[in-house]
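Data first, discussion second: the structure below is written as structure tokens.
In this text, all values refer to a predicted model and were calculated from it rather than measured experimentally. Per chain, numbering begins at 1; letters A, B, ... match sequence-line order.
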Number of protein chains: 4
Amino acid sequence: MAVGRLHKFEGILDAAVKVFAEHGYHGSQISKIAKEAGVADGTIYLYFKNKEDILVSLFRERLGRLIGKFEASARDSKSAEDALRTICALHYAELERHPLLAHVTQIELRQSALALRKEIGKTLKPYLRLIENVLLDGIASGAFRPELNVVLSRQLIFGAMDEAVSSWLLSERKYSLAAQVEGTVDFFLRALKS
Amino acid sequence: MAVGRLHKFEGILDAAVKVFAEHGYHGSQISKIAKEAGVADGTIYLYFKNKEDILVSLFRERLGRLIGKFEASARDSKSAEDALRTICALHYAELERHPLLAHVTQIELRQSALALRKEIGKTLKPYLRLIENVLLDGIASGAFRPELNVVLSRQLIFGAMDEAVSSWLLSERKYSLAAQVEGTVDFFLRALKS
Amino acid sequence: MAVGRLHKFEGILDAAVKVFAEHGYHGSQISKIAKEAGVADGTIYLYFKNKEDILVSLFRERLGRLIGKFEASARDSKSAEDALRTICALHYAELERHPLLAHVTQIELRQSALALRKEIGKTLKPYLRLIENVLLDGIASGAFRPELNVVLSRQLIFGAMDEAVSSWLLSERKYSLAAQVEGTVDFFLRALKS
Amino acid sequence: MAVGRLHKFEGILDAAVKVFAEHGYHGSQISKIAKEAGVADGTIYLYFKNKEDILVSLFRERLGRLIGKFEASARDSKSAEDALRTICALHYAELERHPLLAHVTQIELRQSALALRKEIGKTLKPYLRLIENVLLDGIASGAFRPELNVVLSRQLIFGAMDEAVSSWLLSERKYSLAAQVEGTVDFFLRALKS
DNA sequence: TATGAATGAGTCTTCATTCAT
DNA sequence: GATGAATGAAGACTCATTCAT
């Protein structure tokens with residue numbers, strides 16, 4: 001029954017994304033999520049330890065998958081420049097394609113206790129490491145400045161993209177996020193290039 | 001008794017910064033803040049509409065004051081480059097000097113309902129406008145590239161600094177934030193310069 | 001405000017005795033007790049740590065008081081025989097006078113987790129010690145058999161009286177419990193006398 | 001398939017004794033008992049009406065069997081005195097041999113709603129009647145005092161033995177219960193003899 | 001103004017019980 | 001008969017807010 005089980009697990013996660021996006025984490029009662037998922041309240045607890053576990057799972061499953069995609073596409077790039085462009089393009093495109101998920105990851109997931117933040121940190125770390133590796137590759141190939149502070153730079157790059165997504169969301173998605181890729185990557189490359 | 005009133009108002013805000021920083025917004029009971037401030041629970045409601053209003057006031061008062069400082073120092077700068085450097089230096093220095101406030105603004109203030117986010121947005125807007133104006137000055141003076149997307153750039157700059165502060169906080173302030181000013185500003189200027 | 005506080009504390013305890021007696025511990029919701037006491041649900045928690053604490057307090061306060069009376073009256077007796085008679089008479093009389101309390105102590109208080117049983121044991125211990133001391137006095141004065149096993153005897157005496165009360169309660173108090181004092185004490189004295 | 005059926009029924013009862021003894025009635029989930037018995041949760045309901053029915057059945061089956069033994073051994077006694085001694089010896093010995101059952105009957109079975117108590121009463125009644133008959137025999141044979149209140153006496157005797165067992169259990173079985181038979185019976189006989 | 005005792009709405013979670021397979 | 005996933009009712013407890021003093 002593993003298939004049915006997984007199906008219900010994903011169904012609850014889908015419902016949670018929707019409800020969290022609309023009402024925020026603290027405004028989302030388990031009963032609301034259960035109703036949206038078409039299951040009984042108690043059923044939630046057959047798949048998740050508690051309410052917070054839904055949020056953590058959401059992050060791990062959905063954002064983890066996204067970050068996996070970033071890594072895959074970066075691996076296929078032929079240069080550091082190209083990798084950075086690909087990552088940013090994917091980052092913006094994927095969140096633009098999944099605005100509910102974007103809302104949850106940018107807004108709701110920040111609303112959480114320390115315990116959760118640690119989990120989130122764990123999920124994000126591969127992404128930060130990915131950016132760092134791209135920077136190191138660029139330095140090695142001579143594309144990027146050798147004196148670059150890679151730790152600081154990866155923070156600045158991640159923070160910049162993160163804020164671009166948040167601003168787009170808070171503008172109520174009135175413009176295209178994907179259209180910002182060029183400007184963003186141009187900004188980064190000028191900052192990085194030798 | 002306006003002076004006494006203001007004094008108590010600030011006292012409660014100080015207590016709130018401390019309690020929020022230690023326990024987070026949702027873990028901070030009004031009674032805890034009242035005890036820390038040395039007043040009765042009910043007294044809080046003579047100065048604030050409700051719990052959320054404390055957070056909003058905190059942001060408006062404390063962060064607003066900070067942003068005022070940024071504006072004043074930018075006004076005294078002799079070039080756009082210099083203004084950007086001054087803003088970043090002050091941004092990092094002030095939050096490093098007030099780690100509790102930093103914690104509350106970077107972590108706790110993000111934990112809030114949409115209504116609050118709008119308020120926060122209002123407080124932050126002058127800061128974003130300030131950055132935008134610096135960019136426009138730089139373009140006008142020929143220091144920055146004329147084709148620069150100022151709206152996007154100000155998002156990237158703010159997001160980058162914001163993440164730098166958050167990373168420093170989550171590292172448990174193991175390194176100096178002020179020491180990151182040079183690297184950060186260098187990153188920005190390379191991205192911006194013509 | 002200590003007087004008002006004590007008054008409300010006792011009021012809640014009174015309500016709890018009534019509700020526990022009618023519905024049993026597990027059938028008594030906090031809301032039922034609160035309504036009976038004429039206070040809000042939350043008020044209960046200003047006076048008691050949790051639901052079990054009400055039961056523990058009930059035992060400590062009410063039964064403790066009763067046992068105090070037993071001790072006082074035993075102290076005034078002129079012989080061990082007399083003390084035993086006085087204790088039994090008081091034991092039966094008090095519980096007959098307070099049938100709700102009797103119900104709670106004989107029936108409901110037995111329905112509890114180990115943690116509570118320990119508390120109950122603590123409250124009852126002075127009573128068992130009292131009986132033991134009466135037995136020792138009786139042996140010392142030559143009234144009771146010197147070879148008596150006092151520990152066992154005090155168990156048998158307490159258990160016998162306890163069961164007499166329970167049986168009377170389960171009979172729905174169809175007969176007088178006080179009328180059983182003579183028979184009970186006669187039974188004990190024959191068993192104990194030299 | 002009556003044999004297989006009975007076997008599973010007894011298996012569940014065995015599991016219930018174990019689980020109740022360890023976790024108490026309210027701490028024992030059906031699922032825990034099912035796992036201990038090696039059956040599915042739902043299977044329990046093919047053999048028992050509901051959770052309380054397990055407790056009632058436990059009492060009826062296991063304690064009923066015990067009481068049957070008491071009756072058989074009393075029937076074989078040649079005098080009332082002897083019967084009383086035999087009953088007490090068996091009572092103590094059997095519960096000492098089956099400490100889990102002892103725990104459940106002395107502690108857990110008391111934790112129950114009125115409905116259950118009535119059922120328990122029904123199971124115990126034959127035992128009380130047995131004691132009563134022994135008393136009547138003793139009076140008839142002149143061994144016991146003719147003016148004895150048999151109803152009260154049987155309560156006192158049962159309560160005394162019951163408490164002796166409970167005390168032994170709560171002492172964590174640090175001493176031999178069987179060793180208390182002599183002292184107990186001696187106590188009773190002195191109280192009863194003419 | 002200040003107090004803090006009292007309020008009571010709100011919700012996560014448990015677990016006995018059912019029923020489709 | 002046997003299973004065990006699903007159900008959903010039920011309730012203890014918290015805490016922001018009020019208001020009589």
Quiz item: Under the side chain to side chain donor-acceptor pair (under 3.5 Å) rule, what pairs show up with a residue in residues 34-51 of chain C, not counting sequence neighbours?
Solution: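 Sorted pair list: K18(C)-E36(C).
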Quiz prompt | Which nucleotide in dC12(E), dT3(E), dA16(E) has an atom nearest any side-chain atom of Q29(D) | solution = dA16(E)
Quiz item: Among the nucleotides dC12(E), dT13(E), dT17(F), which one has an atom lying closest to any side-chain atom of N50(A)?
Solution: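 For N50(A), the side-chain atoms sit closest to dT13(E).
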In whole Å, I'd like the distance from the [atom1] atom of [X] to the [atom2] atom of [N].
{"X": "H23(A)", "N": "dG10(E)", "atom1": "NE2", "atom2": "C1'", "result": "16 Å"}
{"X": "L55(B)", "N": "dA16(F)", "atom1": "CG", "atom2": "P", "result": "13 Å"}
{"X": "I44(D)", "N": "dA16(E)", "atom1": "CD1", "atom2": "C1'", "result": "11 Å"}
{"X": "I30(C)", "N": "dG8(E)", "atom1": "CD1", "atom2": "C1'", "result": "14 Å"}
{"X": "E52(C)", "N": "dA12(F)", "atom1": "CD", "atom2": "P", "result": "13 Å"}

Distance (rounded to the nearest 0.5 Å) between [X] [atom1] and [Y] [atom2]:
{"X": "L101(A)", "Y": "L95(A)", "atom1": "CG", "atom2": "CG", "value": "6.5 Å"}
{"X": "L55(A)", "Y": "R60(A)", "atom1": "CG", "atom2": "CZ", "value": "11.0 Å"}
{"X": "T105(C)", "Y": "L66(C)", "atom1": "OG1", "atom2": "CG", "value": "8.0 Å"}
{"X": "I33(D)", "Y": "L13(D)", "atom1": "CD1", "atom2": "CG", "value": "9.5 Å"}

Quiz item: Does K8(C) have a side-chain nitrogen or oxygen under 4.0 Å from the phosphate oxygens OP1 or OP2 of dA5(E)?
Solution: no
Quiz item: Would you say R5(D) reaches dG1(F)'s phosphate, i.e. side-chain N/O to OP1/OP2 under 4.0 Å?
Solution: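 True: R5(D) side-chain N/O within range (under 4.0 Å) of dG1(F) OP1/OP2.
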Quiz item: Taking the side chain as C-beta and beyond, is there a heavy-atom pair between F20(C) and L100(C) under 4.5 Å?
Solution: no
Quiz item: Is the closest side-chain heavy-atom distance between Y25(D) and E52(D) below 4.5 Å?
Solution: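 A side-chain contact under 4.5 Å exists here.
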Exercise. May I ask you to say what Y47(C) touches in the nucleic acid, namely base, sugar-phosphate or nothing, with a heavy-atom cut-off under 4.0 Å?
Key: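 Y47(C): backbone/sugar contact only, no base atoms under 4.0 Å.
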Short heteroatom pairs, N/O only, protein and nucleotides 18-20 of chain E, under 3.5 Å:
none

Self-check item: Watson-Crick and G-U pairing of DNA chain F, under 3.5 Å, as dot-bracket with | and [ ]
Solution: .||||||||||||||||||||
Quiz item: Quick one: on DNA chain E, does A40(B) or G27(A) contact a more 5' nucleotide (nearest heavy atom)?
Solution: A40(B)
Practice problem: Return the 5'-most residue of the pair V39(B), K51(D) with respect to DNA chain E, ranking by each residue's nearest nucleotide. | Solution: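 It is V39(B), whose closest nucleotide lies nearer the 5' terminus.
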Quiz item: Does S166(C) reach the main-chain N or O of Q106(C) with its side chain, forming a donor-acceptor pair under 3.5 Å?
Solution: no
Self-check item: Contact summary for R5(C) and L46(C), nearest pair of heavy atoms
Solution: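 The pair with the smallest heavy-atom distance is NH2-O, 3.2 Å.
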